Each structure stands twice: as C-alpha cells, then as structure tokens.
Amino acid sequence: MHRRRFLRSTALATLGLSLPSAISLASDTSLFHPPPASTASIASTLASSPVTLHLPSAAAQWIGHSTILFRIDGTTVLCDPVLFREIGLQLFGSTVGLRRYSEPAIRVENIAKPDIVLLSHAHMDHMDRATLEALCARFPDEIDCVCASNTKDVIDDLAWRSCRELDWWESLHLHNLSICAIEVLHNGWRYPWEADRREGAMEHGRSYNAYLISGADTNVVFAGDTTYCESFRDLRHIPIHLACMPIGAYMGCADNHCTPEQAVQMATMMQAQCVAPMHCLTFHQTPEPDQEPIARFQRALRSTDASAAWLHIGSQWTRSQPIAQGIDHG
C-alpha cells in the first residue's frame, strides 16, 4: 500500500484498555528484566474504592545495540535480536567478527517467546543468524518473522511459524498489531558483492526498513538503521508515543548512519513524545568514544519537547493509561 493511502486509512482508536486486559498486560511485562510489580499487588490496590490506576498499556526494553523488546496489546515484538557475544561470519563452528563489550539485558536462553521477530535489514549486527537459530530452536514453528524486501532468503530455512517480507510503505496485520515498513536511507547488502537498493537495484537488491508498529491506542517507531532522511515526516499526523532511533557508529559513516543530533531531528519530524536511543554502547564499530553518542543525544534532546525513554541498556519504557474503577455497592 502506498504510504499516503496507508496514512489516510490509519484510524487509530483512542479508547483505553478494559480493566481485565490492562491487568493482564501489567502481568505480561514480567517478560522484561527486572519484572515490575506483580499482578497480586495490583489486585490488592483494586480493593479500595474509588481508585484511579495507571497501568501499562505498552512497554519496551532496550536489550542492547538495536535489540528492542516491545509488549503492545498483549503481543510481544522482538526487533533485530542480537544476543550472543560475537557477530560475524560463521566459520568452522566459530564466529569471526565483532565482539560486544556490554552484555545484553536478557540472555537468549532466558528470553520469553516473542510472538513476532521484526528484522530491519540483513546486516550481521541486525540479522544475526546465531540468535535467530537459537530462538527458532527454542520455539519451533511458534514465531512470525517480518523482514525487508529481498532479505528473507538469509533466514527462511529456520523453523518460523511464518516468514514474510514487507516493502516500503506496505503494511500487514499480525496478531493484533499493524506493522508498516518505512523507507529509510541505508544500504542492505549482507556481503559486499550482493545487489543493493542503495546502489540502484530496486527490484532485486536487498532492502532496509524502519517500522511503525501500531496497537489499539499505541504507536511506536523502530527506526532500524539509517542516515538522515525525511521519510519520518510522513508520520507527523499520527501520535507517535515512542521512537527508537539509532545514534551510534557515525564517525566516518555519514552515508549510512545518522548522528545523534540527526536522530533527534528525525524524531522531532514525527513529533515523537519519547525518544529511545539505540545502536550504541555495544560494539566498537566506528572510532567515536563509547559514551559520546549518548552525551550528544541528551544535549540535542534538551532543545525539543520530547523526553528520553532511557539512557542505559536494560532500561524500560512504559506507557500508562489512567483507568478509573469504582465498586458497585448496590
């Protein structure tokens, strides 16, 4: 679907969750580490009357690098999972490539089953075969995978429940969420000799996506990997509650990776309420100091009306809806 028709047809409900579904979702955030307050404590709060609760209708956690775990309307979405110590080529049982200098917030053997795995592009620090193999081995035929055009062949042999590609501005409904692929500006090849859309191979070249993920009353953007582009401006008429933006690996890579200031600028284009940094604090990919992207991100964000969703790996973001609950004494 063309992006303008998609945006015109998007009618997002602003109704709150029912109380039972909200309590269930609050319990489901135990998928994240550390877990939030238990459902039992929520139930005890309900005993008083009247009371207004603020229960999470959506949640997200930064697992490390560009790995984000979302929980929206009861559906779990895991984006660009990279959960092992090293990324790169698999040769003779070992990995030749980059080693992470910070641990992921959740280990692959401990992560709860995601309903959807969302992959932005085929680069090895975003589409990690080892992690995806481990997930499919733990949950065979139980996970739906969504990836960019001309990238499914890299992981189509794994035991997915389904695996499908989305082209720019196409959308699909999966579980109870809507997912729309957003055009960004990056490159897509997994190996240098492969056809790439950035080099003009629009039909057969590997592509690269950002994603708009929409529930009943929550919209989040996972920007994947991009240099500065203006595609996000087309989302400004949709309430964006969280934008996860790449801020690292920019020194010497301006053609493919945005700076922290540009990441904030793109989040401002879509009028995002909260901005979550990612693609930093995990791998030494370019020469900038490890903490520089976060510091520059914080400075840039001060000139906007948005707030930072997190600054540290393992941190969580929640969006709460006020729910008034009274007791019928009749």
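Treat the numbers as computed from the prediction; the structure is a model and nothing was measured. Residue numbers start at 1 and run along the sequence shown.
Applying the ring pair (Phe, Tyr, Trp, His ring centres under 6.0 Å) definition to pairs two or more places apart or across chains, those involving residues 241-262 are His186-His257, His257-His279. Screening residues 94-115 for ring pair (Phe, Tyr, Trp, His ring centres under 6.0 Å), with sequence neighbours left out, gives Tyr101-His284.
One finds the CH2 atom of Trp62 at 9.0 Å from the NE2 atom of His312 (value rounded to the nearest 0.5 Å). For the atom pair SG of Cys244 and CH2 of Trp317, the computed distance is 8.5 Å after rounding to the nearest 0.5 Å. For the atom pair NE2 (His126) and CG (Leu118), the distance works out to 13.0 Å, reported to the nearest 0.5 Å.
In this structure, the side chains of Ile116 and Leu78 stay at 4.5 Å or more apart for every pair of heavy atoms. Side-chain contact between Thr282 and Val82 is absent, with no heavy atoms from C-beta onward closer than 4.5 Å. No side-chain heavy atom of His175 sits under 4.5 Å from any side-chain heavy atom of Leu177. Contact check for Cys180 versus Tyr211: no side-chain heavy atoms found under the 4.5 Å cut-off. Here the side chains of Asn219 and Ile213 are not in contact, with every heavy-atom distance at 4.5 Å or above. You'll find the side chain of Pro104 stays beyond 4.5 Å of the side chain of Thr67, heavy atoms only. Using a 4.5 Å cut-off on side-chain heavy atoms (C-beta onward), Leu89 and Tyr191 make contact. Annotation: side chain of Val221 is not in contact with side chain of Leu242 (no heavy-atom distance under 4.5 Å).
Cluster membership for Ile240 and Trp310, using ILVMFWY side-chain heavy atoms within less than 4.5 angstrom, is shared. Tracing side-chain contacts under 4.5 Å through hydrophobic residues (I, L, V, M, F, W, Y), one never reaches Phe283 starting from Phe297; they form parts of separate clusters. Under a hydrophobic-cluster definition in which Ile, Leu, Val, Met, Phe, Trp and Tyr are linked whenever side-chain heavy atoms come within less than 4.5 Å, directly or via other members, Leu185 and Phe222 are assigned to different clusters. Leu98 and Met278 end up in different hydrophobic clusters when Ile, Leu, Val, Met, Phe, Trp and Tyr side chains are linked at under 4.5 Å.
For Asp80 and His65, the side-chain atoms include no donor-acceptor pair closer than 3.5 Å. Residues Asn187 and Asn256 bring a donor and an acceptor atom of their side chains to less than 3.5 Å of each other.
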Side-chain atoms of residues 263-273: list all donor-acceptor pairs with protein atoms under 3.5 Å, sequence neighbours left out, distances to 0.1 Å.
unit_1, atom_1, unit_2, atom_2, d
Gln265, NE2, Tyr228, OH, 3.4
Thr268, OG1, Val264, O, 2.8

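Partners of Arg206 according to the salt bridge (charged side-chain N to carboxylate O under 4.0 Å, His left out) rule, which considers only residues two or more places apart in sequence or in another chain, are Asp153, Glu194. Partners of Glu199 according to the side chain to side chain donor-acceptor pair (under 3.5 Å) rule, which considers only residues two or more places apart in sequence or in another chain, do not exist here. Scored by the ring-ring contact (aromatic ring centres under 6.0 Å, His included) test, Phe84 finds no partners at all (sequence neighbours excluded). Residues passing the side chain to side chain donor-acceptor pair (under 3.5 Å) test with Glu86, sequence neighbours excluded: Arg99. In terms of the salt bridge (charged side-chain N to carboxylate O under 4.0 Å, His left out) criterion, Arg164 has no residue partners (sequence neighbours excluded). Partners of Asn150 according to the side chain to side chain donor-acceptor pair (under 3.5 Å) rule, which considers only residues two or more places apart in sequence or in another chain, do not exist here. Arg107 meets the side chain to side chain donor-acceptor pair (under 3.5 Å) test with Glu109; sequence neighbours excluded. Every residue two or more places apart in sequence or in another chain was checked for a salt bridge (charged side-chain N to carboxylate O under 4.0 Å, His left out) with Glu142, and none qualifies. Residues passing the salt bridge (charged side-chain N to carboxylate O under 4.0 Å, His left out) test with Arg129, sequence neighbours excluded: Glu133, Asp157.
Minimum interatomic distance between Leu132 and Trp160 (heavy atoms only, all atoms of both residues): CD2-CH2, 3.9 Å.
With hydrogens and angles ignored, the 3.5 Å screen pairs a side-chain donor or acceptor of Asn176 with a backbone N or O of Asp73.
Around CG of Asp141, the count of heavy atoms belonging to other residues, nucleotides or ligands within 6.0 Å exceeds 12. Taking a 6.0 Å sphere around CZ of Arg138, one finds it holds more than 12 heavy atoms contributed by other residues, nucleotides or ligands.
Ion pairing between Asp115 and Arg71 holds under the 4.0 Å rule for side-chain N and carboxylate O.
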Inset, instruction - Could you please spell out the steps behind the side-chain contact (heavy atoms from CB on, under 4.5 Å) verdict for Met127 and Met124? - result: CA-CA 5 Å; Met127 184 183 281; Met124 293 180 184; over 6 Å; no
Inset, instruction - Evaluate ring pair (Phe, Tyr, Trp, His ring centres under 6.0 Å) for Trp168 paired with Tyr208, printing each intermediate quantity in order. - result: CA-CA 9 Å; Trp168 294 333; Tyr208 31 87; 5.6 Å; yes
